Amino acid sequence: MKNGTLSDVFEELLDHSPIFENKDVLRSTYAPEELPHREKQIHNIAGILVAALRGETPSNILIYGKTGTGKTVCVKYVGRELEGFGGGKGNACVVMYLNCEVVDTQYRVLAQLARHFDKDIPMTGWPTDQVYSEFKNAIDSEDRTAIIILDEVDKLVKKGDEILYNLSRINSELKNARVSIIGITNDLKFLEFLDPRVRSSLGEDEIIFPPYDANQLKDILEQRSTTGFRAGVLNSGVISLCSAFAASEHGDARRALDLLRVSGEIAEREGAGNVSEQHVKLAKNKIELDRIGEVIKTLPTQSKLVLYSAILLDKMGAVDFTTGEVYNTYKKLCMSVGIDVLTQRRVTDLISELDMLGIINATVVSKGRYGRTKEISVSVPSESTMSVLLEDYRLKPLEDYASLVQTRLQ
DNA sequence: CCTCCACCGGAACGTGAGGAGT
DNA sequence: ACTCCTCACGTTCCGGTGGAGG
C-alpha cells in the first residue's frame, strides 16, 4: 500500500510539475526558435555564409563576445538553417561544430572532423598527417561546402596554431569541396598570439557580440518563460528582478536563465504555487553560495587553514578579531595538522586575498594605544564552510578540534 | 602634544616548478 | 640533455602609522 502511495507521488510530480512546463527551455544550452536582440549579428553571419548556397567559399569569420552573449547559440542556429536550406537547393552544406575546450589538440580536431564523414579514426596511434589526408579526401569526395565551427578557439591556440594554419589553407588542396571556418572566442587579446598569416585568413570577417542590457535580458527571459513555465506561475516582478541582477554583473544571459530556473526549482521544492520575487532572492543566494563553496574548495591549503582559524574564532563568539588572534590560532592549527607555519607577513597577504574573494571582511583600524591592525569578520555561513574545509584530507585531523570547540561552547 | 602599540604593507631577495629554446 | 627564463609562493627586513592614553 505504501508503495502505491509513493508511486502516486512520483506520478504526480512527474506529470504535473506545478511550476515548470518544460524546464529544458530554461537552460542556457537550449536553442530557441527566436533569438531576440541578435537579429543584426544573425543577419551578418547569414550574409557571409550565403555564399555557400551559391557554391562559393564563404569568408572565414571570427566572433568575439563575453560569456552568455549568445555567440554559440546564434552560430548554431544559422548553421542549422543553412544546412536545411542548402539540401533543398542542391548546394550541399555541411556544418560541423567543435568545442575546442573538449577537443583541444590538432589530432583530436582532425579525427573529429573526419569522423563526421563516417571515417574510422582510432583515438590515438595514427600519424597526424594521415588523419589530415583522410579528412581531406573525405570532404573532397563531393561538391559541397563545409563550415567548421570552432568554439572557444583560443583554447586550441594555446597548444599551437598549426591546426588553424592547416585548416585555413586547406582550400587550395581541394578540388570539389570548399571549407570555411568560424572561430568563436571570448578572449579579445587572443589574436595577438596568433601567427600573422593565420590571423589575416581567420579574421577575414569579424563580428562582435556585445553584452545584453537589462531590457534585452528581460525580453529573453520572457520569451523562454512562456514555454518553460506553466501559465501564470510567475509573479509580475520576477523576470525584471532576474534580468536586473544579471545585467548588473556582465549582461550574461546564462546567469539570468540560471537565476530564473533556480528560482522556479526553489518554489517547486517549497511546494509554492507560484514563483515570487522572494524566490529569486533565495536563488541568487543559492547560486552565490555554490560559487563561494567552489572557490573555497579550490583554495590552497594554507589559505584554508587561515580561513579555518577565522571561523573558529567566529564560532567562539568573537564578533571582530585581529590579525594577531587569527595568526595565533593558525599557528596552533598548523602544529596539530603537521603543516609548515608561515610568517605573519605572509598570513596578512592571505587574509587580504580572502578579503578580496569576499569570504571574509577585513578593514584596517587603529586601536590607539593598543596598536593598529585589521579587524576581521567572517562573511560566509560558518557551519557549511567548515564542512567544506574539512573535506580536504590534509585538514582531517581538525575534526577533533572542531568538536572540542563545540563542547567548550556548551 | 607626544608616545608607543601592534600591526600594515612596500621592497628585495630566495627557491623550486615548469616552459621555451637550442 | 642542457641552460635560461618566468612565475608563484615565501621570507627577511624595515619604515610607516591612527589614535588612546599619559
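Bear in mind the structure is a predicted one, so any value in this text is a computation, not a measurement. The sequence lines fix the lettering, A, B, ..., with proteins before strands; numbering per chain opens at 1. The figures that follow rest on heavy atoms only: side chains count, while hydrogens, waters and symmetry mates do not.
Applying the 4.0 Å criterion to OP1 and OP2 of B/dA6, one finds that A/Lys374 has every side-chain N and O outside that range. For B/dC8, one of the phosphate oxygens OP1 or OP2 lies less than 4.0 angstrom from a side-chain nitrogen or oxygen of A/Thr323.
Residues passing the side-chain hydrogen bond (donor to acceptor under 3.5 Å, both in side chains) test with A/Glu81: none are found, sequence neighbours excluded.
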Completion exercise
Nucleotide by nucleotide, nucleotides 6-18 of chain C touches protein heavy atoms under 4.0 Å in the pattern (B base, S sugar-phosphate only, - none) ---SSBB----BB
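Using modelled atom types and a 3.5 Å distance limit, the side chains of A/Ser225 and A/Glu222 yield no donor-acceptor pair.
No donor-acceptor distance shorter than 3.5 angstrom exists from the side chain of A/Asn274 to the backbone of A/Asn235, with no hydrogens or angles considered.
Using cut-offs of 30° and 60° on the angle between ring planes, the pair A/Phe117 and A/Phe135 is tilted.
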Problem - Worked check of salt bridge (charged side-chain N to carboxylate O under 4.0 Å, His left out) between A/Lys304 and A/Asp392 - result: CA-CA 9 Å; A/Lys304 283 183 182 168; A/Asp392 191 320; 2.7 Å; yes
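Computed from coordinates, the A/Glu375 CD to B/dA6 C1' distance equals 13 Å when rounded to whole Å.
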